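First up is the structure itself, then whatever we jot down about it.
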Amino acid sequence: MKYKSPRGTRDIFGETALGLSLLEQKAKEIFIRHGFEEVRTPIFEDAALFTRSIGQTTDIVEKEMYVFEDRKGRKLALRPEGTVSLARAFIEHRMDISSPAGKFFYSGEMFRYERPQAGRYRQFRQIGAEIYANSSPAADAEIIILAQDVLSSFGIDKINIHINSLGCEKCRPLFREALVNYFSSVEDLCQDCVRRLERNPLRLLDCKVDSCKFTDFPKISNYRCSDCKDNFDTVRLLLKKANCNFTVNDKLVRGLDYYTRTVFEVRSDAVVSQDALAAGGRYDNLVKEIGGQNTPAVGFALGAERVFLAAQSAGFFENFKSPENFFVAIADQELFGEAFAFAVKATRDGINGNKDISVFGPINGKSLTNQLKFADKIQAAKTIVFAKTEFENGKVLVKNMKDKTQIEVELNNL
Ligand code: HAM
């Protein structure tokens with residue numbers, strides 16, 4: 001084969017395609033029930049939009065963005081995530097002024113140049129939801145509970161919700177300083193950590209290489225200001241009241257710089273990779289930073305491919321069988337038009353009231369034997385044969401393709 005799909009991408013068909021559609025459909029139903037409105041943004045944006053908001057020193061911006069120039073030399077990037085695009089759209093359509101409070105959801109392809117592995121791709125789908133202009137900790141709790149509910153609706157109940165609060169512009173600089181002091185005394189930091197120490201010391205906490213070396217690191221809980229402390233206490237209280245189990249993880253810092261206060265990740269034992277199924281948090285400064293009015297916001301996104309794997313291992317798709325295939329065949333070529341009209345009607349109305357079927361055929365100019373071979377290939381449950389003698393009596397032959405038995409049935413009864 002000369003051409004293959006690019007590394008980290010894949011062609012999706014069969015059960016996986018059906019499963020992913022089902023996940024998306026179910027998530028949409030839940031979002032709509034919770035009052036979220038769908039937004040679709042372009043797959044590419046001005047590259048600077050992401051660089052500015054996700055952060056110059058994040059993995060996404062430094063290593064993972066697909067950046068290209070168009071024919072007029074504009075620097076564009078395939079979106080690595082959905083939150084920033086939504087914020088750009090929110091401002092562009094003046095919603096920060098006209099109707100700032102809003103709940104939005106999106107689903108679509110995202111692109112990151114990452115090392116591919118199970119559940120990690122360079123083109124993947126996210127399904128996300130964001131609440132705008134709501135600074136109440138109740139909105140943080142609502143988003144975390146929503147993420148849990150969406151996963152639970154896919155049969156994924158064995159999850160661990162990790163939460164943390166990264167503080168605000170008042171208290172985070174103090175924490176940052178303490179981290180720089182601490183990390184400066186740690187020996188043998190990896191190259192990434194050395195580079196980030198000055199510009200983004202929080203990111204060292206979840207470094208895959210060095211993180212286990214950091215034992216007595218400064219804890220954000222000792223640096224939060226009283227507002228941030230109260231806020232985080234309320235988020236936890238509300239989660240507890242709603243029976244939502246979580247773990248406070250003071251190493252959780254997330255890979256995007258726009259977060260303020262609450263951040264969270266939903267992890268599962270069911271997926272082979274250690275990566276999260278869903279993640280999110282509060283980002284009160286993002287809209288303002290990219291040119292809008294001051295609009296606090298909070299949201300999350302799940303990775304559809306990872307959630308698909310977790311739902312599959314939870315047995316979720318076993319209840320959803322694909323429709324049975326029916327094949328319409330002709331024993332006599334002159335019945336092609338009749339058989340065709342029957343296939344059209346059966347596709348529209350179902351057979352015997354059963355609409356959960358897929359109808360194939362008829363095929364013109366092939367012997368009945370070849371048509372039946374085709375019916376076997378598509379694993380048809382039944383083949384309906386239009387044959388001259390039976391048809392003249394208002395009947396067709398219905399062949400059970402498993403046991404090869406055949407009965408005559410009144411055409412009107414189908
Ligand atoms: P994120 O943690 O970068 O957050 O991604 C969210 C989810 O997308 C991850 O938990 C994971 O399930 C999925 N994901 C990320 N990268 C890949 C990949 N390479 N292959 C497959 N799945 C992947 C965000 O993107 C934020 N925008 C979430 C958010 C929304 N925060 C606030 N609102």
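Given the structure is predicted, the values throughout are model-derived calculations rather than measurements. Both counts, for ligands and for their atoms, begin at 1 and track the order of listing.
The shell of residues lying under 4.0 angstrom from ligand 1, judged by heavy atoms, excludes M110. Close to ligand 1: A278, with a non-hydrogen atom less than 4.0 angstrom away. F111 does not count as a contact of ligand 1, since none of its heavy atoms falls under 4.0 Å from the ligand. In this structure, G255 does not count as a contact residue of ligand 1, since none of its heavy atoms falls inside 4.0 Å of the ligand.
The ring of F336 has its center no closer than 6.0 angstrom to the ring center of F386. Residues Y132 and F104 place their aromatic rings such that the two centres sit under 6.0 Å apart. Taking the ring centroids of Y283 and Y258, they lie under the 6.0 Å cut-off.
Annotation for L146 and A129: closest pair CD2-CB, 4.0 Å, computed over non-hydrogen atoms. Contact record, E45 with P42: OE2-CD, 3.9 Å, taken as the closest heavy-atom pair.
Near E114, meaning under 4.0 Å from any of its heavy atoms, are these atoms of ligand 1: 16 (N), 17 (C), 18 (C), 19 (N). Remark: ligand 1 atoms within the under-4.0 Å shell around heavy atoms of A279 are 2 (O), 10 (O), 28 (C), 29 (C). Per-residue contacts place Q126 under 4.0 angstrom from the following atoms of ligand 1 (heavy atoms of the residue considered): 5 (O), 6 (C), 7 (C), 8 (O), 24 (C), 25 (O). Within ligand 1, the atoms closer than 4.0 Å to a non-hydrogen atom of G119 are 20 (N), 21 (C), 22 (N), numbered from 1 in the order shown. Close approach of ligand 1 to Y258 (heavy-atom distance below 4.0 Å) involves ligand atoms 26 (C), 27 (N), 31 (N). Within ligand 1, the atoms closer than 4.0 Å to a non-hydrogen atom of L277 are 10 (O), 12 (O), numbered from 1 in the order shown. Annotation for ligand 1: atoms under 4.0 Å from non-hydrogen atoms of E130 are 30 (C), 32 (C), 33 (N).
A cation-pi arrangement is present between R236 and F232, with the terminal nitrogen or guanidinium carbon under 6.0 Å from the aromatic centre and inside a 45° cone about the axis. Relative to the six-membered ring of Y121, R10 meets both conditions, a distance below 6.0 Å and an angle of at most 45° to the axis. Annotation: cation-pi geometry not satisfied between K219 and Y223 (NZ/CZ under 6.0 angstrom from ring centroid, within 45° of ring axis).
Annotation: atom 27 (N) of ligand 1 to nearest protein heavy atom, E81 OE1, 2.5 Å. Nearest protein heavy-atom neighbour of atom 20 (N) of ligand 1: Y121 N, 3.0 Å. Annotation: atom 13 (C) of ligand 1 to nearest protein heavy atom, G303 CA, 3.5 Å. The protein non-hydrogen atom at the shortest distance from atom 11 (C) of ligand 1 is R306 NH1, 3.2 Å. The protein non-hydrogen atom at the shortest distance from atom 4 (O) of ligand 1 is R254 NH2, 2.9 Å. Shortest contact from atom 14 (N) of ligand 1 to any protein heavy atom: F124 CE1, 3.5 Å. Nearest non-hydrogen protein atom to atom 10 (O) of ligand 1 is A276 O, 3.3 Å. Looking only at heavy atoms of the protein, atom 30 (C) of ligand 1 is closest to T83 OG1, 3.0 Å.
Counting heavy atoms only, R112 comes closest to atom 15 (C) of ligand 1 of the residues R120, R125, R112.
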> For F317 and F308, what are the C-alpha separation, side-chain angles and deciding distance, and is it a ring pair (Phe, Tyr, Trp, His ring centres under 6.0 Å)?
Replying inline: CA-CA 9 Å; F317 298 110; F308 171 81; 5.0 Å; yes
>> The test is side-chain hydrogen bond (donor to acceptor under 3.5 Å, both in side chains); show your working for S107 and Q126 and say whether it passes.
In response: CA-CA 6 Å; S107 67; Q126 275 188 351; over 6 Å; no
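At a heavy-atom cutoff of 4.0 Å, ligand 1 is contacted by the side chain of Y259 but not by its backbone. Only the side chain of L256 comes within contact range of ligand 1, with a heavy atom under 4.0 Å; no backbone atom does. With a heavy-atom cut-off of 4.0 Å, R122 does not touch ligand 1 at all. Looking at Y113 against ligand 1, nothing comes within 4.0 Å, counting heavy atoms.
In terms of N/O distances under 3.5 Å, ligand 1 is not approached by I60.
When each of Y113, F111, F50 is tested with M65 by the rule side-chain contact (heavy atoms from CB on, under 4.5 Å), just one qualifies, namely F50.
Judged purely by atom type and a 3.5 angstrom limit, R195 has no side-chain atom pairing as donor or acceptor with the backbone of C190.
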